[in-house]
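A short write-up of the structure that comes next.
All residue numbers refer to positions in the sequence shown, counting from 1. Only heavy atoms go into these numbers, but all of them, side chains included; no hydrogens, no water, no symmetry mates.
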Amino acid sequence: MNHSTPPALTVVDALVLPGADTGPDWFFGWLQVGADGRVLGLGPGEPPPGHEAAPVLDAGGAIVAPGFVSAHSHLFTSGLRGIAPDATLYPWVRSMMELFRHTEAEDMYWATLHGSLDFLANGVTSAYNFLQSGVTWLYDPATARNVLGRVHPDAYTTRQMDGTVDAGLRAIHAIRLDDESGPEDQVLARFARMVDAARAPERDRHDQHLGVSVMGAVQWAATPRTAELEALVMREHGITDQAHFVETAEGLDTQRAKFAWYEEAGALGPDLLLGHFVHPTDTMVDRVAAAGSPVVWQPTSNGRLGSGVADVVRYRDAGIAVGVGLDDQSCTDISDPWSNMRLGLYSQRALHRDAAVLSARDVLRMHTLGSAEVLGVADRVGSLEVGKHADFVVVDHRAPSTGPVWDVVATYVLACGLRNLRATYVGGRCVARDGRATTPLADRADAELAERIERAAHADGRRLAVTAEQLVSARARRSGVREASPA
């Protein structure tokens, strides 16, 4: 136990799943949080004498486990759930970008805040977050080229950063270069400003800042220069890059051909993460494994968009590290890490026709410590270990009852879900309870998001099925009920 900081919270009578690679998978015991928001100690049985001096959280036998880590997220899409519900990747993206042409910096703040609060309410405490680009692009898959939609001011990007900060979510901010939008010197100067903004002290409350990264855009690029510039800023700023790559079966030959651009730019390696990676060639898998580049898997969004099933078992067998993400809230629709784990687990077993190829422990690790590892932040998050941030969820497997427990980890992964989630803690502070963020901003975020997305939709010539007023007003809902048509 670490005595360098006084205790601020002691969790007792908990069924603890530490999520660490050493020690037991689970135990009935305690967890203590220091005043700095980090784990002071944990263990089976009763806590150390004198623990009553600090506040006590009696878990009452519920599961206490690490907060989930989403290694691939687009939090600004929180207002677009259900959009383009039957579309594949490119028309779905186009539908969103046509709307985002009509948004301003404050719209993006509220959208990102809402998405961040949603993550916390669903047990996700850390996220790699792709910021909506400072340039709205309308990608044309027929020509494999971007069409410029609109250039936004710096605040369009920085206010998204503020949204995660104000929510209390830990985040890596991923910034797109937008190198095709103007002269290189201007593009690189803007990118440097955004990196500095992400690293500013005022955006690191409670150690929320986990890092900065490049939003890899070679999949959408017209020339190899994009890969070269991404590799350049990775070196100059000491940051990583996560690229969306071979995500969809659409235009697959064009996507695969661009893999050579990253190779020739010298970008392959542990700092280049490949998001999705659904349709690689054998050669690509071999080279990614040899270079040590991780893969980030989004099973729910890949299914929703009909993109395909990434053969994660194959990648792991090749020695490729794999993390898991919840992707856009507009293509997972419910940011549910339990559902994400199960969909991924079951799809791999079905793909290989073998239930032993991936276990409940495997997918839990991938959505916690494994994701933290591929993001380079496993020293801070991803498991409950002394010295790490005390980010955890309280999950009551008995309410509603999941029945007798044959295997604690299997019950947690296979039988629990959002219905069992009682609370989310970040740094030992309760940030969500019973499916709702505890911040006073939560109610306002709902209303702001509804009004702002509706306004952007109207500007794009679209109408929502339920208006913002009807969404937030019971009275308006009653007045808007349609009567049945006469027979």
Side-chain angles (χ1 to χ4, degrees), residues 71-74 87-94 128 130 137 139-146 174 176 213-224 226-227 230-231 240-328 331-332 343-344 347-348 351-352 366 374:
H72 182 116
S73 324
H74 300 253
T88 51
L89 178 69
Y90 291 136
W92 167 79
V93 169
R94 179 85 182 205
Y128 181 106
F130 294 98
W137 297 101
Y139 182 71
D140 180 2
T143 62
R145 289 182 177 273
N146 283 312
R176 185 167 171 169
S213 187
V214 184
M215 175 183 175
V218 164
Q219 174 172 333
W220 316 92
T223 73
T226 298
E230 287 182 16
T240 61
D241 183 340
Q242 185 172 165
H244 295 67
F245 219 80
V246 287
E247 176 179 353
T248 176
E250 304 168 83
L252 193 52
D253 290 342
T254 299
Q255 293 182 67
R256 286 173 169 170
K258 293 178 180 180
F259 182 76
W261 297 1
Y262 273 131
E263 278 196 298
E264 292 163 3
L268 282 184
D271 290 335
L272 177 68
L273 291 74
L274 298 168
H276 298 285
F277 210 55
V278 180
H279 301 284
T281 63
D282 292 343
T283 299
M284 290 166 63
V285 172
D286 291 343
R287 291 179 179 170
V288 166
S293 287
V295 165
V296 183
W297 179 31
Q298 285 66 246
T300 302
S301 73
N302 292 160
R304 205 272 214 183
L305 297 173
S307 298
V309 178
D311 193 347
V312 167
V313 170
R314 176 191 180 195
Y315 306 156
R316 283 162 52 90
D317 287 346
I320 298 172
V322 178
V324 176
L326 282 157
D327 209 358
D328 300 50
C331 64
T332 55
L343 182 58
S347 67
Q348 294 301 302
L351 179 66
H352 289 269
M366 281 191 276
V374 302

Applying the side chain to side chain contact (heavy atoms under 4.5 Å, CB included) criterion to Phe245, which one of His279, Lys258, Arg256 satisfies it? Lys258

Are any side-chain N or O atoms of [X] and backbone N or O atoms of [Y], one a donor and one an acceptor, separated by less than 3.5 Å?
| X | Y | result |
| --- | --- | --- |
| Glu250 | Pro141 | no |
| Asn146 | Trp220 | yes |
| Ser293 | Gly269 | yes |

Determine whether [X] and [Y] make a side-chain contact, defined as any pair of heavy atoms from C-beta on separated by less than 4.5 Å.
| X | Y | value |
| --- | --- | --- |
| Val296 | Val324 | no |
| Trp137 | Arg94 | no |
| Tyr315 | Val288 | no |
| Gln219 | Val246 | no |

Provide the closest heavy-atom pair for [X] versus [Y] in the form atom of the first, atom of the second, distance.
| X | Y | value |
| --- | --- | --- |
| Val374 | Ala321 | CG1-CB, 3.9 Å |
| Leu343 | Pro299 | CD2-O, 3.8 Å |
| Leu305 | Glu247 | CD1-OE2, 4.4 Å |
| Pro280 | Val285 | CG-CG2, 3.7 Å |
| Val312 | Gln348 | N-OE1, 3.1 Å |
| Val278 | Ser307 | CG1-O, 3.7 Å |

Using 30° and 60° as the class boundaries, would you call the ring planes of His244 and Phe130 parallel, tilted or perpendicular? tilted

Under 3.5 Å, is there a donor-acceptor pair linking the side chains of His72 and Gln242? yes

Looking only at side chains, do Ser213 and Thr240 share a donor and an acceptor under 3.5 Å apart? yes

Take Asp282 and Arg314, measure what salt bridge (charged side-chain N to carboxylate O under 4.0 Å, His left out) needs, and give me the verdict at the end. CA-CA 10 Å; Asp282 292 343; Arg314 176 191 180 195; 2.3 Å; yes

Distance check, rounded to the nearest 0.5 Å: [X] atom [atom1] versus [Y] atom [atom2]?
| X | Y | atom1 | atom2 | value |
| --- | --- | --- | --- | --- |
| Leu326 | His74 | CG | NE2 | 11.5 Å |
| Thr281 | Asp286 | OG1 | CG | 8.0 Å |
| Thr248 | His276 | OG1 | NE2 | 10.0 Å |
| Asp311 | Leu351 | CG | CG | 5.0 Å |

Could you go through the side-chain contact (heavy atoms from CB on, under 4.5 Å) check for Trp92 and Leu89 one step at a time? CA-CA 5 Å; Trp92 167 79; Leu89 178 69; 3.9 Å; yes

Side-chain atoms of residues 259-268: list all donor-acceptor pairs with protein atoms under 3.5 Å, sequence neighbours left out, distances to 0.1 Å.
residue, atom, partner, partner atom, Å
Tyr262, OH, Glu230, OE1, 2.6
Glu263, OE1, Arg287, NH1, 3.1

Stepwise side-chain contact (heavy atoms from CB on, under 4.5 Å) check, Val295 with Leu273: CA-CA 6 Å; Val295 165; Leu273 291 74; over 6 Å; no

